[in-house]
Chemist: 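Can you keep this structure in mind? I'll have questions shortly.
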There are 2 protein chains.
Amino acid sequence: MRTPRRIPEVTIARLPLYHRGLVDLAKTHSVTVSSEELAELAGVNAAKVRKDLSYLGTYGTRGVGYDVDNLLHQISRELGLTQNWPVVIVGIGNLGRALAGYGGFSTRGFEVAALLDSDPSKRGQKVGELVVRPTSELAEIVKARAVAIGIIATPAPAAQAVADQLVAAGVSSLLNFSPTLLVVPDHVAVRRVDLALELQILSFHHHHRDPTGPDAEYPDELSIGLGALSASVRPRRGAATTGSVRPATKCRGLA
Amino acid sequence: MRTPRRIPEVTIARLPLYHRGLVDLAKTHSVTVSSEELAELAGVNAAKVRKDLSYLGTYGTRGVGYDVDNLLHQISRELGLTQNWPVVIVGIGNLGRALAGYGGFSTRGFEVAALLDSDPSKRGQKVGELVVRPTSELAEIVKARAVAIGIIATPAPAAQAVADQLVAAGVSSLLNFSPTLLVVPDHVAVRRVDLALELQILSFHHHHRDPTGPDAEYPDELSIGLGALSASVRPRRGAATTGSVRPATKCRGLA
DNA sequence: TCATGTGAATCCGTTCACAGCC
DNA sequence: GGCTGTGAACGGATTCACATGA
């Protein structure tokens with residue numbers, strides 16, 4: 001199949017999962033992988049893997065599976081990960097500093113090009129290899145380094161203004177860590193990571209968990225797959241219980 | 001309407017958005033709010049707001065709207081935010097430290113009960129008000145403080161073992177910041193925040209943006225709503241452009 | 001008159017199941 | 001025989017549009 005179809009957003013959000021699985025497989029020198037195996041690594045089911053991959057093209061071999069290296073390459077190409085994208089982090093508080101030091105970025109296709117903060121007292125501070133620069137230099141840096149992605153780690157009240165500046169400077173994608181709804185032009189892609197919001201969703205589940213509670217005593221294998229809110233089990237040993245274990249598949253969109 | 005229906009997961013994920021909008025409205029002493037206004041604050045459409053809220057019960061008044069205080073209370077109750085939930089953070093590296101200092105938790109219904117790290121050299125370090133304690137004390141702390149939610153900010157290789165310990169100690173919800181697929185019993189809710197994955201999704205959009213590129217010159221109002229990947233516009237002023245601006249609505253699940 | 005609440009219609013993603021090909 | 005690729009069936013979420021009731 002050729003690749004003229006538009007790829008659904010949900011599929012795009014899963015490609016990084018397959019990507020990661022394939023990277024792991026490549027490390028173990030696996031040559032081919034079946035949709036079943038890849039599904040397990042990504043925490044989805046095999047039909048979904050096949051459907052998702054079919055949007056990219058026909059890269060599998062019937063009766064055999066997918067060539068690990070080739071599929072990894074195709075997904076990387078589709079995600080635009082064959083090059084390293086420069087990103088800027090705006091707002092160098094606790095979170096910004098943590099992001100600046102996060103190793104996962106460099107190993108997965110991104111490079112922190114600059115750290116920016118409007119607070120004059122932060123100017124010149126070193127964070128790892130980088131020095132904090134004033135936000136006034138934003139446009140200049142974005143253009144000089146062809147920055148593709150802006151990460152907003154400022155307090156909420158500053159987020160919209162920073163987004164405006166990033167967009168004005170030519171950044172086409174924003175990752176917003178502030179609990180704010182950004183207003184941006186249509187061509188700008190935004191993703192939000194709202195930490196408290198995640199906790200609030202978990203709070204709902206905790207609040208509505210099985211009323212017998214986690215302190216009720218059950219034999220280890222009781223939990224009879226009624227979904228995430230089914231019977232409570234408290235394993236005694238550190239290792240996962242034998243019966244009622246499932247890969248965590250809750251993080252739509254984000255994961 | 002009574003509330004016997006099961007609330008869809010997508011609706012649950014939006015309740016925190018409404019919650020935040022209502023908190024803002026309450027601050028301005030608004031008495032009532034229409035589905036339209038609340039929709040704007042949350043970045044969704046009015047029909048969705050009404051449908052979502054109808055799952056909770058019949059709290060609106062036809063011809064008038066929703067009472068801000070009452071609706072806020074109902075949503076808080078549904079999310080389990082009428083009490084402060086104690087959480088523990090495991091893994092006090094850059095990210096764990098940032099999370100420990102994140103003000104948004106305490107203001108939105110959560111309290112960091114303890115910081116844990118297996119590295120003996122971290123033991124006793126102070127982070128804000130709290131002292132880093134060894135992971136061996138995990139079970140004890142979880143029980144003593146009735147910890148509901150565990151936040152995993154360890155390196156990937158340690159994440160599963162930490163999750164096992166948290167589950168064994170009785171924690172029912174996990175927020176996983178490591179790029180790992182956790183295997184847990186059915187009754188445990190997991191949400192994942194994968195920073196590099198978010199960037200990879202943005203990378204896709206940047207990579208596939210309109211080929212005319214952000215440097216093509218257009219009159220400001222050109223962008224004719226073809227969705228997020230439509231014609232490129234580069235606003236000149238910091239403020240949002242007049243024509244082609246839309247609230248960012250991309251973060252499913254997570255936002 | 002006005003905005004909610006909700007069946008009905010629609011859209012979209014998931015899953016099924018099997019034809020097609022190695 | 002085995003696994004992919006994909007139409008078709010299914011299910012769930014979104015949107016529509018209007019009856020309902022303040």
Side-chain angles (χ1 to χ4, degrees), chain A residues 1-15 17-18 22 25 30-68 70-71 74-75 227-228 249-253 255, chain B residues 1-15 17-18 22 25 30-68 70-71 74-75 227-228 249-253 255:
Chain A
M1 248 279 132
R2 294 243 34 78
T3 61
R5 320 173 248 197
R6 221 190 91 276
I7 304 178
E9 188 68 26
V10 277
T11 293
I12 295 164
R14 280 190 295 264
L15 291 181
L17 297 178
Y18 306 144
L22 288 165
L25 286 169
S30 307
V31 177
T32 60
V33 61
S34 67
S35 58
E36 193 95 39
E37 295 172 83
L38 192 50
E40 179 143 2
L41 289 173
V44 302
N45 66 41
K48 212 178 278 184
V49 170
R50 291 202 297 278
K51 186 66 105 181
D52 284 343
L53 296 183
S54 77
Y55 288 115
L56 308 189
T58 306
Y59 298 124
T61 307
R62 290 167 199 243
V64 178
Y66 302 88
D67 179 87
V68 171
N70 181 44
L71 187 57
Q74 299 300 340
I75 292 181
T249 349
K250 312 219 73 173
C251 317
R252 333 147 122 272
Chain B
M1 247 280 134
R2 294 245 32 80
T3 61
R5 322 172 247 200
R6 220 189 91 276
I7 303 179
E9 187 68 28
V10 277
T11 293
I12 295 164
R14 280 191 294 265
L15 292 181
L17 297 179
Y18 306 145
L22 288 166
L25 286 169
S30 308
V31 176
T32 59
V33 62
S34 67
S35 57
E36 193 95 38
E37 294 171 83
L38 192 50
E40 178 144 1
L41 290 172
V44 302
N45 66 41
K48 213 179 276 181
V49 170
R50 291 202 297 278
K51 187 65 107 182
D52 284 342
L53 296 183
S54 77
Y55 288 115
L56 307 190
T58 306
Y59 299 124
T61 307
R62 291 169 198 243
V64 178
Y66 303 88
D67 180 87
V68 171
N70 181 46
L71 187 57
Q74 299 301 340
I75 292 181
T249 350
K250 313 218 76 174
C251 318
R252 334 147 123 270

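In the text below, chain A, chain B and the rest are named by the order of the sequence lines, each starting its count at 1. Note that these values count all heavy atoms, side chains included, but never hydrogens, waters or copies made by symmetry.
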Chemist: In this structure, how many angstroms lie between the C1' atom of C/dT14 and the OH atom of A/Tyr55, rounded?
Modeler: 10 Å
Chemist: Does the side chain of A/Asp67 reach to within under 4.5 Å of the side chain of A/Leu71, using non-hydrogen atoms?
Modeler: no
Chemist: Whole angstroms only, please: what is the CG-P distance between A/Leu71 and D/dT4?
Modeler: 11 Å
Chemist: Nearest to the side chain of A/Ser35, heavy atoms from C-beta on, is which of C/dG5, D/dT6, D/dT4?
Modeler: D/dT4
Chemist: Could you list the residues that satisfy side-chain contact (heavy atoms from CB on, under 4.5 Å) with B/Val64, not counting sequence neighbours?
Modeler: B/Thr32, B/Thr61
Chemist: Just to confirm, is there a sub-4.0 Å distance from OP1 or OP2 of C/dG5 to any side-chain nitrogen or oxygen of B/Tyr66?
Modeler: yes
Chemist: Rounding to an integer number of Å, can you tell me how far B/Asp52 CG sits from D/dT15 P?
Modeler: 11 Å
Chemist: For a side-chain hydrogen bond (donor to acceptor under 3.5 Å, both in side chains) with A/Ser35, tell me which candidate from A/Arg50, A/Lys48, A/Lys51, A/Glu40 qualifies.
Modeler: A/Arg50
Chemist: Return no unless some side-chain N or O of A/Ser34 is found under 4.0 Å from OP1 or OP2 of D/dC3.
Modeler: no
Chemist: Over how many whole Å does the gap from A/Leu53 atom CG to D/dG5 atom C1' extend?
Modeler: 11 Å
Chemist: How does protein reach along nucleotides 16-22 of chain C, written 5' to 3' as B (base within reach of a heavy atom under 4.0 Å), S (only sugar-phosphate), or - (no contact)?
Modeler: -B-BBBB
Chemist: Could you tell me how far apart A/Ile12 (CD1) and C/dC12 (P) are, to the nearest whole angstrom?
Modeler: 14 Å
Chemist: Who pairs with B/Glu37 by side chain to side chain donor-acceptor pair (under 3.5 Å), at least two apart in sequence or on another chain?
Modeler: B/Ser34
Chemist: Rounded to the Å, how far apart are A/Leu38 CG and D/dG5 P?
Modeler: 12 Å
Chemist: Once side chain to side chain donor-acceptor pair (under 3.5 Å) is applied, do any residues pair with B/Asn45, and if so which ones, sequence neighbours excluded?
Modeler: none
Chemist: Once you round it to whole Å, what is the distance between P of D/dG12 and NZ of A/Lys48?
Modeler: 13 Å
Chemist: Does A/Arg6 make a side-chain N or O approach to OP1 or OP2 of C/dC12 shorter than 4.0 Å?
Modeler: no
Chemist: Starting from P on D/dG12, measure out to CD on B/Glu9 and report it in whole angstrom.
Modeler: 14 Å
Chemist: Identify, with sequence neighbours excluded, every residue that meets side chain to side chain donor-acceptor pair (under 3.5 Å) alongside A/Tyr18.
Modeler: A/Asp52
Chemist: Can you name the side-chain contact (heavy atoms from CB on, under 4.5 Å) partners of B/Ser30, sequence neighbours left out?
Modeler: B/Leu25, B/Thr28, B/Val68
